[in-house]
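Note sheet for the following structure.
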Amino acid sequence: MNYPNLFAPLDLGHVTLPNRILMGSMHTGLEDKASDYDKLAAYFAERARGGVGLMVTGGISPSIEGWLKPFGGRLTMPWHKPRHRKLTGAVHAEGGRICLQILHAGRYGYHPLSVAPSRIKSPITPFTPRALSARGVERTIGDFVRCARLAQDAGYDGIEVMGSEGYLINEFIAARTNRRSDAWGGDAARRMRFPVEIVRRTREAVGHDFIIIYRLSMLDLVEGGQDWNEIATLARAIEAAGASIINTGIGWHEARIPTIVTSVPRAGFAWVTQKLKGEVAIPLVATNRINMPDVAERILAGGEADMVSMARPLLADPAWANKAKAGRSERINTCIACNQACLDHVFQNKRASCLVNPRACHETELEVEPAGVRKWIAVVGAGPAGMACASTLGERGHAVTLIDQAGEIGGQFNYAKRIPGKEEFHETLRYFRHRLADTGVDVRLGHAADAASLRAGGYDEVVIATGITPRQVSFPGSDDPRVLGYLDVLARQRPVGARVAIIGAGGIGFDVAEFLVEHAPSPTTDVARWTREWGVDMQLRQRSGLQPAQPEAPARQVWLLQRSEGRPGARLNKTTGWVHRATLKAKRVAMLGKVGYERFDDQGLHVTIDGKPQLLPVDNVVVCAGQEPNRRLADELIAAGMKVHVIGGADVAAELDAKRAIDQGTRLASVI
Ligand code: FAD
Ligand code: NAP
Ligand code: SF4
């Protein structure tokens, strides 16, 4: 049997789960409007079909005060039940099980009605919450219980009480946010009464045959959080109050230590869950950066937890569990933890999706049906756009030839995978290698396509996915061999001196800076080294798990430059940009705006900063100044009258990322 621990059933008394895989709660943006619940039902049904043992919905509020944002999803009235029945019906029809997550946002609520134990504003929201009165606390507990009862009526197999990540319950537990002196505040015993009463009264209301998962903050990662004794005491009390499962929560949203981004080591927090083993008898769930079956199996086999929670990996591949069980893990479309299409979308109030799987949350709209007429199609360029397009065309039954001048598929992902903390990009390349083979695509590598050969090829249609050309810069000395392009550094591994200036502070400038300052192998490969660098106390002797960060000395001295005013990196993605900026700050990278490039010579790079001349005494300059579309071939073919489609960087290079490239390639292929 493949992964025997992962696929061992789990007996919860009234129900036996078929495996140890929990699909963790994820907000998709489809929870808020009743009209979106058919889409949400299709999304959950596809994942139930994919074999996951138990799923949890995105956070649903038990009251208006508990909204995440105005008019966010809530389950407070009997007339809310029919929309939820669509979800539970669809999941049960596929043989799956689903719990509703009850999430009261507390002071993280992005609206003026938010409430909290005390009137203390969070650093990440503009609204100051109202402090709940003692009656308000009782009413809020009642709201949780009512929501659980409604969930039971709507057909859910259970609920998850969201007690972590800095939301209302966590705010009651921590002295940081609970300054009350009544029965709900003061010492640790009184601060934890709120969650214990919620679980106790909910259990009383729903009876025994209903799952109650409690998401427990095991590592707050903010000043004024809990210490380990308090956490273990709370876990025991939650078990005694009637919880069926304890899930792990790591870090408040306002914490400044990354917890799920791609540079966090795989299973980088499973050791926290392990520490609680033996304190309670109910199953414990490990979370965060678990994305492949071997990682999950290792956690379970090592006794670190009884279940594993994966959220984003099931956005990326709904059939994750079935593929693992069938011994086809190499076919899993792995979540690369980029956050680009999931969390970043949610923060922008957009529907979530997935960079590597654009169908996620769009199951009813982006359908891949067999083609009516089989065509012979050439796709030129095996970067993300070309790989996604060619494999989807192949899946639909077209005869597809994918041509790339390079010796390997992947395009720019072959540079991205070399960046410390972006090792996951290897997985996307592995996935596409198999997918292209499985869909019968004829892959021709080491072959530069030209207009003549494509015309002679007799193709019905040609897709041009030839990507980009790095933008050149021009100033006196820019033709010096010590002025390098980012491809020289990442791919050709040209030697780089001890002091380096990087021209351009976009995504690639930041990545190249990290490449130059980190010592190989990357800290992402070593949990102990990574936690030391970020200041996480693996002994859990310190309150909140915090200790002073001990960043390693940088491998080089780096200046990261941009011409525009303001803070470099301000335009990086919302949920990951701060991690990149903090990483470079810890490595003492000088990040400078309003820079003019004057000349490069033996002394270094002569610049103006805010109009004042300055010499940066560097050995090399690396140019990361953006990109231009590589569409010469497309223009030649169009002029020759061929039926041509242009996608990815070849289409538009500005603001291009792999999310757009894969999405565009997949959507085009679904309609040809
Ligand atoms: P490309 O990836 O550029 O692929 C084009 C392909 O066409 C190449 O393989 C090339 O060899 C081939 N080709 C060109 N001309 C011909 C020809 N005439 N005949 C045959 N083959 C030809 N994006 C993100 O979303 N997230 C990230 O974290 C991220 N990190 C990055 C880090 C680095 C260091 C780099 C360099 C890029 C990163 N990107 C990231 C950007 C992302 O890789 C690109 O947006 C994406 O690769 C663009 O895809 P594409 O298919 O359009 O083009
Ligand atoms: P970019 O984000 O457009 O940044 C280009 C940088 O070069 C900017 O800092 C720009 O700033 C500077 N620049 C532009 N023209 C210049 C010129 N003529 N001379 C000097 N400087 C110039 O492009 P990129 O960094 O190449 O990234 C390409 C794409 O890859 C991005 O759109 C990004 O989405 C994607 N990517 C994403 C990630 C990620 O983590 N999500 C990581 C890497 C790449 P000034 O004009 O102010 O100088
Ligand atoms: Fe994972 Fe990125 Fe997809 Fe989100 S967008 S599920 S982080 S691969």
Side-chain angles (χ1 to χ4, degrees), residues 26 260-262 291 311-317 333-345 352-357 360 380-389 403-406 408-419 422 424-425 428 444-445 447-450 464-475 486-487 490-491 503-512 515 560-566 568-569 571-573 576-577 580 593-595 597 623-627 629-630 632-633 647-651 653-662 664-665:
M26 251 178 312
I260 59 166
V261 303
T262 190
N291 63 348
R312 298 170 302 167
L314 288 148
L315 263 188
D317 196 334
N333 194 3
T334 305
C335 166
I336 59 174
C338 64
N339 285 357
Q340 285 176 240
C342 51
L343 263 189
D344 282 332
H345 278 207
S353 187
C354 172
L355 180 142
V356 299
N357 173 24
V380 184
M387 293 188 297
C389 185
I403 306 165
D404 203 296
Q405 63 196 10
E408 55 187 344
I409 61 164
Q412 290 178 63
F413 264 34
N414 290 306
Y415 312 123
K417 73 186 184 190
R418 297 196 164 92
I419 305 297
K422 287 199 169 175
E424 296 288 359
F425 283 61
T428 307
R444 294 193 195 161
L445 297 176
H447 179 88
D450 57 27
I464 295 295
T466 46
I468 52 83
T469 317
R471 184 177 289 131
Q472 306 290 326
V473 293
S474 176
F475 50 80
Y486 65 84
L487 300 185
L490 296 176
I503 290 184
I508 292 179
F510 267 77
D511 276 356
V512 168
F515 179 83
L560 180 58
L561 312 172
Q562 69 179 25
R563 297 171 305 177
S564 38
E565 253 184 88
R571 293 203 343 265
L572 295 179
N573 297 351
T576 50
H580 293 295
K594 238 178 159 185
V595 178
Y597 309 112
V623 179
C624 304
Q627 305 162 334
N630 180 11
R632 190 179 47 81
L633 187 55
I647 58 173
D651 178 26
E655 305 283 313
L656 170 74
D657 59 15
K659 178 179 73 171
R660 176 151 67 77
I662 292 177
Q664 197 181 12

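Just follow the structure's listing: the first ligand is 1, and inside any ligand the first atom is 1. We're numbering straight along the sequence, starting at 1.
Distances between N or O atoms of S564 and those of ligand 2 include at least one value under 3.5 Å. For V473, no nitrogen or oxygen atom sits less than 3.5 Å from a nitrogen or oxygen atom of ligand 2, counting backbone and side chain alike.
Listed by number with element, the atoms of ligand 1 under 4.0 Å from a non-hydrogen atom of A465 are 5 (C), 6 (C), 7 (O). Every atom of ligand 1 with a heavy atom of G411 under 4.0 Å away is listed here by number and element: 2 (O), 4 (O), 8 (C), 9 (O). Close approach of ligand 1 to F413 (heavy-atom distance below 4.0 Å) involves ligand atoms 43 (O). When each atom of ligand 3 is checked for a heavy atom of C342 under 4.0 Å away, the hits are 4 (Fe), 5 (S), 6 (S), 7 (S).
Residue contact annotation: G507 has no non-hydrogen atom under 4.0 Å from ligand 1. Ligand 1 lies less than 4.0 angstrom from a heavy atom belonging to H447.
Using a cut-off of 2.8 Å, one finds that C354 contributes an N/O/S atom close to atom 3 (Fe) of ligand 3. In summary, no N, O or S atom of C338 is located under 2.8 Å from atom 4 (Fe) of ligand 3.
In this structure, atom 10 (C) of ligand 2 has no protein heavy-atom contact shorter than 4.0 Å. For atom 22 (C) of ligand 2, a protein non-hydrogen atom is found at a distance below 4.0 Å.
Residue contacts with ligand 1, taken as heavy atom pairs separated by less than 4.0 Å, involve A385 via backbone and side-chain atoms alike. Proximity of N630 to ligand 1, defined as any heavy-atom pair under 4.0 Å, is confined to the side chain (atoms from C-beta onward). Under 4.0 angstrom from ligand 1, there are no non-hydrogen atoms of I409. With a 4.0 Å heavy-atom cut-off, ligand 1 is reached by the side chain of L490 but not by its N, CA, C or O. Of all the heavy atoms of P470, none lies under 4.0 Å from any atom of ligand 2, so neither backbone nor side chain is involved. Using a 4.0 Å cut-off between heavy atoms, R660 makes no contact with ligand 1 at all.
Closest to atom 34 (O) of ligand 2, if we only count protein heavy atoms, is L656 O, 3.2 Å. Scanning the protein heavy atoms around atom 2 (O) of ligand 2, the nearest turns out to be G506 CA, 3.5 Å. Shortest contact from atom 7 (S) of ligand 3 to any protein heavy atom: N339 N, 3.0 Å. Of the protein's non-hydrogen atoms, K422 NZ, 3.3 Å is the one closest to atom 42 (C) of ligand 2.
For the atom pair CG (L487) and OH (Y415), the distance works out to 4.5 Å, reported to the nearest 0.5 Å. D657 CG to Q340 CD: the interatomic distance, rounded to the nearest 0.5 Å, is 5.0 Å.
No side-chain N or O of R312 forms a donor-acceptor pair with one of N291 less than 3.5 Å apart.
The option with the heavy atom closest to atom 8 (C) of ligand 2, from among G577, G626, A505, is A505. Relative to atom 14 (C) of ligand 1, the option among I419, N339, T466 with the closest non-hydrogen atom is T466.
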